[in-house]
There are 2 protein chains.
Amino acid sequence: MDFKQVIAANNFLFEKIIETPLLDLSSSKVLPLFPSQTRVKMKLEFLQHVGSFKARGVLLGLSRLTVEQKKAGVIAFSAGNHALAVSWAAQFLGISAKVIMPKTADKFRVEGCKTYAAEILLAEDAEEGFSLMYDLSEKEKRQVMHPFEADHMIIGAATCGLEMISSMPDMDVAIIPIGGGGLISGISSAIKLVKPSVTVFGVEPYGADSMFQSFLKKKPMVIDKVKTIADSLGAPMALPKSFELARRNVDEIVRLTDNEMVESMNIIREKLNFLVEPACGSSLAACLGPLKEKVLGKNVALIACGSNISFDRYKEIVS
Amino acid sequence: MDFKQVIAANNFLFEKIIETPLLDLSSSKVLPLFPSQTRVKMKLEFLQHVGSFKARGVLLGLSRLTVEQKKAGVIAFSAGNHALAVSWAAQFLGISAKVIMPKTADKFRVEGCKTYAAEILLAEDAEEGFSLMYDLSEKEKRQVMHPFEADHMIIGAATCGLEMISSMPDMDVAIIPIGGGGLISGISSAIKLVKPSVTVFGVEPYGADSMFQSFLKKKPMVIDKVKTIADSLGAPMALPKSFELARRNVDEIVRLTDNEMVESMNIIREKLNFLVEPACGSSLAACLGPLKEKVLGKNVALIACGSNISFDRYKEIVS
């Protein structure tokens with residue numbers, strides 16, 4: 001990825017995508033969380049279309065389809081923010097979309113998808129979902145939209161990184177969550193293209209640490225099982241494209257317990273009045289937990305990367 | 001109030017007060033709430049110090065005390081956001097403060113006050129609270145800080161209005177909640193000083209409509225009883241200073257039921273991921289409810305004026 005590609009994507013997305021606020025965490029309620037001399041800002045990307053950064057990459061990807069591909073439509077399998085982004089972007093561009101979600105998906109997200117024009121299919125589980133996706137893709141010639149391992153997803157995320165470093169040129173440290181790796185590979189690349197001296201930390205749940213394991217083994221790894229409350233970070237594997245970019249641009253990966261993420265959700269609610277899903281609070285959780293010493297005296301960028309969670313599920317988690 | 005006073009206050013508050021974001025309500029989640037051609041922005045003043053606009057006026061007021069008065073300290077009676085603002089601003093300026101809160105106050109707010117250096121006293125009820133306040137004020141020569149009927153409170157609120165109109169020069173309509181009237185008299189004055197053509201609507205709960213009644217009678221009125229879930233809007237009376245300014249600058253007052261405010265709290269949580277108290281959601285509630293026809297095709301400014309509510313209380317209200 002080079003700077004020209006990021007700028008081109010940024011130009012294309014201008015006024016189609018929301019330039020979300022970068023909030024200075026300096027109010028009297030939240031400032032005492034951090035050591036003095038440490039200045040922290042949080043990108044409120046949950047205020048993006050469909051409530052997550054995924055909107056950027058998916059819109060970019062759909063817009064780059066050929067006329068033929070656009071006519072045939074797209075298909076995706078996802079339980080969460082990707083499903084919402086595909087539903088929304090397809091409607092935005094007038095492309096037919098089928099979105100397969102597991103029956104266990106948060107109802108809030110299923111309902112969310114239904115507000116757009118996409119056709120929602122429910123699958124028993126991931127196995128059935130993926131198989132249905134490949135079947136329909138072949139039968140109907142629909143393009144499969146991958147949730148992270150695609151140039152457009154990475155470059156879409158890079159536009160978010162570009163906004164962050166442009167509004168915060170004195171950034172020393174960025175702390176970015178890792179699901180599949182699309183977000184961090186894009187953001188870290190954009191930030192380092194503009195300011196190579198920024199230290200980028202990645203954050204993964206202990207129960208879904210595929211990128212951490214891949215860093216250890218120096219190749220993309222699959223983990224045995226995923227067990228975390230942060231469903232949006234629950235990718236069971238790293239894949240080559242995003243792994244390579246992350247390897248190059250991410251300085252270190254730290255891991256979080258579920259408890260650390262719940263604690264962060266509570267802090268975000270009490271101090272900022274934001275109700276966010278676990279993945280969305282992970283960046284702050286890492287800043288207050290495993291990275292506490294490493295952010296001392298630094299200008300730190302966090303990202304609240306996205307949130308779509310039903311109130312019932314939220315109450316279950318934080319209670 | 002003239003423009004010079006607002007500018008002077010704005011200059012004084014610069015970098016002491018947070019210039020809170022004015023959020024464009026244009027994400028795919030929230031946009032469908034409004035008729036097409038209507039553009040709505042929301043001032044996120046709950047991200048202010050101590051979580052409400054009160055921080056502005058109180059800081060201004062305390063800074064204007066004489067050296068003698070600062071030495072003697074201040075006192076206030078409040079169940080809510082004013083108590084927090086006095087506690088915070090007194091600590092900020094190194095002034096001794098006693099803050100009296102009713103025993104029934106939300107624990108979240110009492111705990112919040114305790115994080116600052118103020119001395120918190122609990123009273124059985126408002127009667128005991130006010131009597132204690134006047135006693136201690138006389139005995140200890142402490143300046144009483146009024147929650148709204150004071151030039152500094154009004155001019156503090158005006159700085160918030162100045163930020164709003166400066167970031168949204170195409171504003172046609174502003175919708176502002178009314179408790180005692182300090183917020184709306186300040187904001188409406190500032191907005192009309194800059195752009196007289198803006199229509200300013202005030203919003204009150206049916207159960208605390210002292211300003212509405214005062215507008216009807218053309219003089220500041222006391223109402224018999226206050227009954228609303230929006231405790232922060234629960235002032236039982238209008239007072240001359242804020243009434244006069246409001247009379248001059250507020251075009252119309254509309255009223256809300258508790259249900260309309262709860263519905264707005266739910267929308268704000270589902271579409272924006274903000275967890276706010278009833279008063280904070282009232283501006284949007286009016287926009288979607290009684291003012292629905294009047295905002296058609298307009299550029300509308302709302303304010304989420306402040307929020308400090310315990311999660312327990314929140315769940316009670318919205319369930």
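Hydrogens, waters and symmetry mates are skipped; everything else that's a heavy atom, side chains included, is used. In what follows, chains carry the letters A, B, and so on, assigned in the order in which the sequence lines appear, proteins first and then strands, with residues in each chain numbered from 1.
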Under a 4.5 Å cutoff for heavy-atom pairs, which residue among B/Phe46, B/Phe311, B/Tyr314 has the most contacts with chain A?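 Ranked by contacts with chain A, first place is B/Phe311.
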Would you compute the distance between atom OG1 of A/Thr159 and atom CD1 of A/Ile187 and round it to the nearest 0.5 angstrom? 8.5 Å
Under a 4.5 Å cut-off applied to non-hydrogen side-chain atoms, are B/Val300 and B/Ile175 in contact?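 They are in side-chain contact.
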Which bit of [X] is near chain A, if near means a heavy-atom gap under 4.5 Å: side chain, backbone, both or neither?
X: B/Tyr116; value: side chain
X: B/Leu23; value: side chain
X: B/Leu47; value: both
X: B/Glu277; value: neither
X: B/Val30; value: neither
X: B/Lys315; value: side chain

A cation-pi test, strictly: NZ or CZ of A/Arg313 under 6.0 Å from the centre of the six-membered ring of A/Phe108 and no more than 45 degrees from its axis. Yes or no?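 No cation-pi geometry.
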Choice from [options] maximising heavy atom contacts with chain B below 4.5 Å:
options: A/Leu31, A/Leu272, A/Leu44, A/Thr115; answer: A/Leu272
options: A/Arg269, A/Gln91, A/Glu270; answer: A/Arg269
options: A/Cys280, A/Ser307, A/Ala55; answer: A/Ser307

Fit a plane to each ring of B/Phe92 and B/Trp88, take the angle between them on a 0 to 90° scale, and name the class: parallel (under 30°), tilted (30 to 60°) or perpendicular (over 60°).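 Taking B/Trp88 first and then B/Phe92, their aromatic rings sit tilted (interplane angle of 30° to 60°).
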Side chain B/His49, main chain B/Lys16, donor-acceptor under 3.5 Å: yes
Presence of salt bridge, B/Asp170 and B/Arg39, under 4.0 angstrom: yes
Do B/Gln48 and B/Thr20 pair up side chain to side chain, a donor and an acceptor below 3.5 Å, judged on atom types alone?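 No donor-acceptor contact under 3.5 Å links the two side chains.
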